[in-house]
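One structure is given below, encoded as structure tokens.
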Number of protein chains: 2
Amino acid sequence: MLNNITALGSNRLLNLLTDNCRQNLLTHCELVSINLDEVLCNLGDVIKYVYFPVEGIVSWEKKITDSPYWVVTLIGNEGMICISLLLGINERSCRAVVQKSGFALRIPATIFTQQVEQKPALSMILNRYANVMYNQALQIAACNLFHVIENRLARLLLMFQQRSQSDEINITQDKLAKMLGVRRVGVTKAAGSLQRKNLISYIRGSVIIHDIAGLKKASCGCYEADNATYNNMM
Amino acid sequence: MLNNITALGSNRLLNLLTDNCRQNLLTHCELVSINLDEVLCNLGDVIKYVYFPVEGIVSWEKKITDSPYWVVTLIGNEGMICISLLLGINERSCRAVVQKSGFALRIPATIFTQQVEQKPALSMILNRYANVMYNQALQIAACNLFHVIENRLARLLLMFQQRSQSDEINITQDKLAKMLGVRRVGVTKAAGSLQRKNLISYIRGSVIIHDIAGLKKASCGCYEADNATYNNMM
DNA sequence: ATTTCTATGTTTGTTAACGTACAGACATAT
DNA sequence: ATATGTCTGTACGTTAACAAACATAGAAAT
């Protein structure tokens with residue numbers, strides 16, 4: 001079964017391991033499909049599995065006390081879900097929800113913990129990824145403060161595009177608004193503006209990106225900054 | 001020299017270690033004074049030392065590309081500086097600046113790395129602290145998006161108060177504004193409002209907190225949320 | 001004592017985003 | 001075919017924060 005992975009694509013974190021090390025880890029992995037709106041781990045759950053997405057997109061969301069809002073970032077095959085287990089924290093303050101169906105490699109938490117202890121190469125790579133996540137969180141903080149909705153929407157669309165390798169994003173404006181922490185009306189306005197600039201077009205429930213380079217210009221520098229952080233660190 | 005530490009106060013992270021483990025670590029520590037505006041580690045520096053503040057306050061700041069702004073959080077004796085070394089990252093994307101003079105325990109990076117490898121108890125505690133920092137970053141992201149300046153200022157003042165154990169904060173409105181990522185005028189207005197509510201008073205270069213409970217009510221929930229995260233995790 | 005610098009206070013107009021409401025368009029189910 | 005639900009478009013008044021400019025006041029220096 002695991003031989004199919006190459007056909008599907010693969011996980012960029014695991015790709016950084018030596019062939020030997022990766023093969024050994026993969027024997028403990030199970031390839032599972034992840035489906036839209038599936039909750040991979042919920043608030044307060046004890047972590048049962050960690051996931052390395054191979055295809056598809058997962059949102060990583062932190063609940064904010066006394067508020068209906070969640071801080072959101074997206075994770076695809078460049079990352080993993082439940083990295084905090086690396087730090088020995090096995091109860092979650094965040095949840096993970098599938099935003100685009102696909103596949104992921106799943107490892108039971110106990111085995112993952114053992115593997116990390118036994119394989120310095122693995123823990124080194126995941127440590128670096130944890131630091132990427134931290135810097136991304138600070139980037140979101142700045143982005144939320146300084147950048148207008150249109151820029152932030154452009155950034156979010158690019159994040160979808162990058163993680164799905166597809167120019168069509170199946171999502172409603174309402175969901176985009178929740179991810180950005182703004183009103184749906186705000187997204188309608190921003191999306192309309194991006195469309196008028198011929199960067200995207202959209203219909204009910206799906207956005208099509210026409211001009212990635214243009215969209216990058218229309219986004220804030222945070223998209224590129226996140227990528228730079230990832231590339232430097234990994 | 002190190003016996004003086006108890007007289008000065010101590011670091012809450014190190015306090016979580018067993019006496020044996022802490023004593024052993026302290027033999028590698030040097031107690032140094034940290035002075036206002038001193039830069040403990042700068043952008044792009046290779047990390048030479050990690051610091052465990054005992055007294056005083058240090059700001060932890062991430063530069064945002066193409067912008068004069070920095071995302072800022074405060075670290076006192078509840079935390080440490082350059083936690084990323086724990087993750088094996090020895091070059092910094094953040095800087096640390098002393099905001100209130102005091103003292104810190106300092107350990108050379110190489111020795112710190114060794115100690116972390118040798119002492120599971122130490123690495124466990126610091127791993128948990130790293131997770132606290134991550135959650136704090138996400139909290140800042142939400143706070144920046146949803147909360148008005150007055151709430152955010154109240155939160156920042158409480159963070160100073162908590163970390164200095166003093167109701168007098170020696171800082172200008174201009175510096176506060178930079179930390180919040182807003183204009184100085186915005187701080188003047190918010191501070192004036194807090195003063196009119198008899199929660200604080202201030203003169204040139206210093207703020208005095210009169211009513212901590214009231215200030216907590218005037219702040220957003222983020223102050224308490226951060227504390228809750230810390231207490232749960234540690 | 002006067003000057004200079006720094007910190008705080010206030011004003012004016014502008015803007016991005018808010019809350020709320022409603023209308024039209026499309027999709028699905030019965 | 002009709003009804004119901006979901007998604008998108010638009011409008012109106014409100015607000016927090018912005019940018020820029022200027023005024024006042026305390027501290028430090030000469």
Side-chain angles (χ1 to χ4, degrees), chain A residues 36-37 64 67-69 71 99 140-157 168-197 199-208 218-220 222, chain B residues 36-37 64 67-69 99 140-157 160 168-197 199-208 218-220 222:
Chain A
L36 188 61
D37 292 331
I64 299 304
S67 144
Y69 296 105
V71 185
Q99 296 297 332
I140 294 171
C143 192
N144 284 350
L145 190 53
F146 298 116
H147 302 142
V148 296
I149 295 182
E150 186 172 334
N151 295 338
R152 292 173 54 214
L153 176 62
R155 177 189 175 201
L156 183 57
L157 294 176
E168 182 170 357
I169 305 164
N170 289 102
I171 195 163
T172 62
Q173 295 188 352
D174 193 55
K175 272 197 177 179
L176 289 169
K178 287 198 170 66
M179 289 184 182
L180 294 173
V182 301
R183 295 170 314 153
R184 195 267 310 160
V185 174
V187 170
T188 301
K189 211 178 141 217
S193 171
L194 292 174
Q195 188 170 42
R196 259 170 271 124
K197 294 173 184 166
L199 304 176
I200 65 170
S201 66
Y202 56 96
I203 49 165
R204 248 180 113 81
S206 101
V207 180
I208 294 140
S219 78
C220 43
C222 296
Chain B
L36 188 62
D37 292 331
I64 300 304
S67 143
Y69 296 105
Q99 297 297 331
I140 293 172
C143 192
N144 283 350
L145 190 51
F146 298 116
H147 301 143
V148 296
I149 296 182
E150 185 172 333
N151 295 336
R152 292 173 54 215
L153 176 62
R155 178 188 175 202
L156 183 57
L157 294 177
F160 268 102
E168 182 170 358
I169 304 164
N170 289 101
I171 196 165
T172 63
Q173 295 189 353
D174 194 55
K175 272 196 177 180
L176 289 169
K178 287 198 169 67
M179 288 185 182
L180 293 173
V182 300
R183 294 169 315 149
R184 195 266 311 162
V185 173
V187 170
T188 301
K189 210 177 142 219
S193 171
L194 292 175
Q195 188 170 42
R196 257 170 270 123
K197 294 173 184 164
L199 303 175
I200 65 170
S201 66
Y202 55 95
I203 48 165
R204 249 182 112 81
S206 101
V207 180
I208 293 140
S219 78
C220 44
C222 297

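Lettering of chains follows the sequences in order, A, B, ..., and the numbering in each one begins at 1.
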Can you tell me the distance, in whole Å, between the [atom1] atom of [X] and the [atom2] atom of [N]?
X	N	atom1	atom2	result
B:Lys189	D:dA17	NZ	C1'	8 Å
B:Tyr202	C:dT6	OH	C1'	16 Å
B:Ile149	D:dA19	CD1	P	11 Å
B:Asn144	C:dA17	CG	C1'	16 Å
B:Ile203	C:dA7	CD1	P	13 Å
A:Leu145	D:dA16	CG	P	16 Å
B:Asn170	C:dA7	CG	P	13 Å
A:Gln195	D:dC7	CD	P	18 Å

Which letter, B, S or -, goes with each nucleotide of nucleotides 25-30 of chain C from 5' to 3', with contact meaning a protein heavy atom under 4.0 Å?
BBS---
Mind listing the closest non-hydrogen atom pair of [X] and [Y] along with its distance?
X	Y	answer
A:Leu153	A:Ala190	CD2-CB, 3.9 Å
B:Arg155	B:Ser219	N-CB, 3.7 Å
A:Leu199	A:Ala218	CD1-CB, 3.7 Å
B:Thr172	B:Gly205	CG2-CA, 4.1 Å
A:Ile200	A:Ala191	CD1-O, 3.8 Å

Going from CD1 on B:Ile203 to CD on B:Glu168, what distance comes out if it is rounded to the nearest 0.5 angstrom?
7.0 Å
When rounded to the nearest 0.5 angstrom, what is the spacing between OH in B:Tyr202 and CD1 in B:Ile169?
13.5 Å
Check each residue of residues 172-188 of chain B for a non-hydrogen atom within less than 4.0 Å of any atom in DNA chain C, then write out the ones that pass by number, or none.
B:Thr172, B:Gln173, B:Arg184, B:Val185, B:Thr188
Given A:Leu156 and A:Met179, is the side-chain contact (heavy atoms from CB on, under 4.5 Å) satisfied, shown in steps?
CA-CA 9 Å; A:Leu156 183 57; A:Met179 289 184 182; 3.9 Å; yes
Can you pull the salt bridge (charged side-chain N to carboxylate O under 4.0 Å, His left out) pairs that have at least one residue in residues 171-184 of chain A, sequence neighbours excluded?
A:Asp37-A:Lys175, A:Asp174-A:Lys178
